[in-house]
There are 2 protein chains.
Amino acid sequence: MTDTAHRSDPANRSDRGEQTRAAIATAAQELFRERGYDKTTMRAVADRAGVSIGNAYYYFASKEHLVQAFYDQIQVEHAAAAQDALGGTDKFADRLRAVLITWVDVAESFHEFAGKFFKVAAEPTSPLSPFSSESKGAREASIGLFRQVVEGSDLKVPAVIRAELPELLWLLQMGVVLFWVHDSSDGQKRTRALVRQVVPLVDKLVRLSRLPGMRGVVGDITELIRSVRS
Amino acid sequence: MTDTAHRSDPANRSDRGEQTRAAIATAAQELFRERGYDKTTMRAVADRAGVSIGNAYYYFASKEHLVQAFYDQIQVEHAAAAQDALGGTDKFADRLRAVLITWVDVAESFHEFAGKFFKVAAEPTSPLSPFSSESKGAREASIGLFRQVVEGSDLKVPAVIRAELPELLWLLQMGVVLFWVHDSSDGQKRTRALVRQVVPLVDKLVRLSRLPGMRGVVGDITELIRSVRS
DNA sequence: GTCTATAACTAGATAGAC
DNA sequence: GTCTATCTAGTTATAGAC
């Protein structure tokens with residue numbers, strides 16, 4: 001493999017190329033927000049970016065790939081906003097709620113075309129799937145956020161749980177996203193209500209894991225996670 | 001409303017119309033299985049059904065609507081197969097496992113293009129979404145199956161739980177489907193392993209709900225379900 | 001080699017005649 | 001109910017400029 005000229009190698013991307021790429025991505029994001037995914041044509045994107053369709057396809061393999069820019073943006077904004085929110089408290093429930101609610105805040109402006117976005121991400125073979133190897137970076141960043149939630153908290157739980165909890169909380173977040181996508185209430189207030197209700201429950205459940213009768217269950221769950229991951 | 005000629009009123013569908021509709025649906029199913037969703041064109045479907053494209057669109061509003069036939073078929077086959085499997089035992093865990101494994105069996109032949117199928121169903125606005133009002137019938141049939149699992153079993157649990165459990169088990173089934181879609185192992189054996197592992201855990205958790213310390217948690221969960229449903 | 005553009009292709013969907 | 005003709009938009013082929 002002497003394919004040193006491959007586009008994914010940053011060393012070979014020229015400045016001009018980067019500018020064009022950025023122009024296309026920006027045009028796409030603007031149009032997606034203005035008209036939604038379906039009503040945004042590749043021709044319109046290329047047009048606004050001041051390039052030809054063919055050129056747009058040189059940088060983005062498909063229309064779906066243009067969505068990735070959003071994905072990344074939410075991720076980055078959420079990480080920053082959550083970081084702020086985590087500073088205020090060491091109570092586990094407060095920290096968890098802060099991270100989840102912060103996500104809803106950040107994602108709010110994307111909600112209108114989130115359905116299409118989600119549709120794209122739901123396909124297992126899509127690089128946008130939260131379970132895909134292409135999403136590994138974003139996924140691990142997100143899990144890392146929940147690791148912070150746990151580690152900076154006052155939570156006293158068995159070490160096995162402490163280790164597995166971040167991944168479980170990330171799954172919870174995926175569930176919240178699923179609900180959010182289907183939530184047509186004003187300002188996604190039903191999702192916010194769900195978070196406020198589910199957080200104390202999770203807090204209670206996690207703390208209950210210390211009860212003698214729960215040891216077996218905890219073991220089963222960690223075993224389950226381990227085997228699912230392989 | 002004097003729209004007595006509307007197509008959705010079975011009394012007004014002519015025999016010929018029904019035959020054409022069936023021919024199109026059958027052609028689509030054959031082709032989906034032979035080549036997958038993407039490689040099956042509406043032209044090919046119309047062709048095999050011996051009708052024009054325009055005519056195909058008279059009966060099915062979009063290509064996605066042709067997928068609905070699969071959806072329904074799995075539903076019906078699963079209900080029948082599960083019915084058989086439920087006859088054998090009154091143990092809750094056995095009954096639950098039977099219903100879940102039966103689904104994996106029935107769905108196996110669809111797995112190859114399940115990704116595309118799932119993608120379509122994942123869009124919140126899609127009539128195929130398991131949460132959509134159009135899917136209400138299928139959803140309730142499925143929940144009914146889990147009601148049978150609970151009611152025909154030896155399970156001794158609080159009435160609140162007994163009432164909410166079928167819907168929760170249906171959600172578990174949705175989780176299994178999610179895993180299954182992403183499961184590329186031979187014969188979906190990883191999904192089968194997941195089911196075999198998760199069923200005893202659910203069984204244990206449900207029975208634990210009788211413990212005094214769990215009463216509060218059970219109340220919280222039922223409250224959560226109620227508010228989410230509204 | 002990296003970029004960019006034009007023309008053409010494909011397939012889902014619609015309009016309108018019969 | 002059924003057809004043909006047409007439209008639309010994602011995508012690709014390919015030629016050529018920098």
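Every heavy atom of this structure was used, including side-chain atoms; hydrogens, water molecules and symmetry mates were not. Lettering follows sequence order; numbering is per chain, from 1.
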Item checked: Per-nucleotide protein contact string for nucleotides 12-18 of chain C, where B marks a base within reach and S marks sugar-phosphate only (heavy atoms under 4.0 Å, - for neither) -> BBB----

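Under 4.0 angstrom from either OP1 or OP2 of D/dG1 there lies at least one side-chain N or O belonging to B/Y58. Between A/R21 and C/dC3, a side-chain N or O to OP1/OP2 separation shorter than 4.0 Å is absent. Note on B/N55: a side-chain N or O is less than 4.0 Å away from OP1 or OP2 of D/dC3.
Checked for salt-bridge contact, A/K39 and A/E34 miss the test: no charged N lies under 4.0 Å from a carboxylate O.
Between B/F32 and B/V67 there is a side-chain heavy-atom pair separated by less than 4.5 Å.
A cation-pi arrangement is present between B/R21 and B/F60 under the rule of less than 6.0 angstrom and at most 45 degrees off the ring axis.
In summary, of the residues considered (A/R192, A/H78, A/Q188), a side-chain hydrogen bond (donor to acceptor under 3.5 Å, both in side chains) with A/D105 occurs for A/R192 alone.
Using a 3.5 Å distance cut-off with no hydrogens or angles, the side chains of A/D72 and A/Q68 do pair a donor with an acceptor.
The separation between A/D47 atom CG and C/dT6 atom C1' is 14 Å, rounded to whole Å. As rounded to whole Å, 15 Å separates atom C1' of C/dT4 from atom CD of A/Q19. As a whole-Å value, the separation of A/I24 CD1 from C/dA5 C1' is 12 Å. Rounded to an integer number of Å, the gap from CZ of A/R16 to C1' of C/dG1 is 13 Å.
Side-chain atoms of A/H111 come within 3.5 Å of backbone atoms of A/W180 as a donor-acceptor pair (strictly under, hydrogens ignored).
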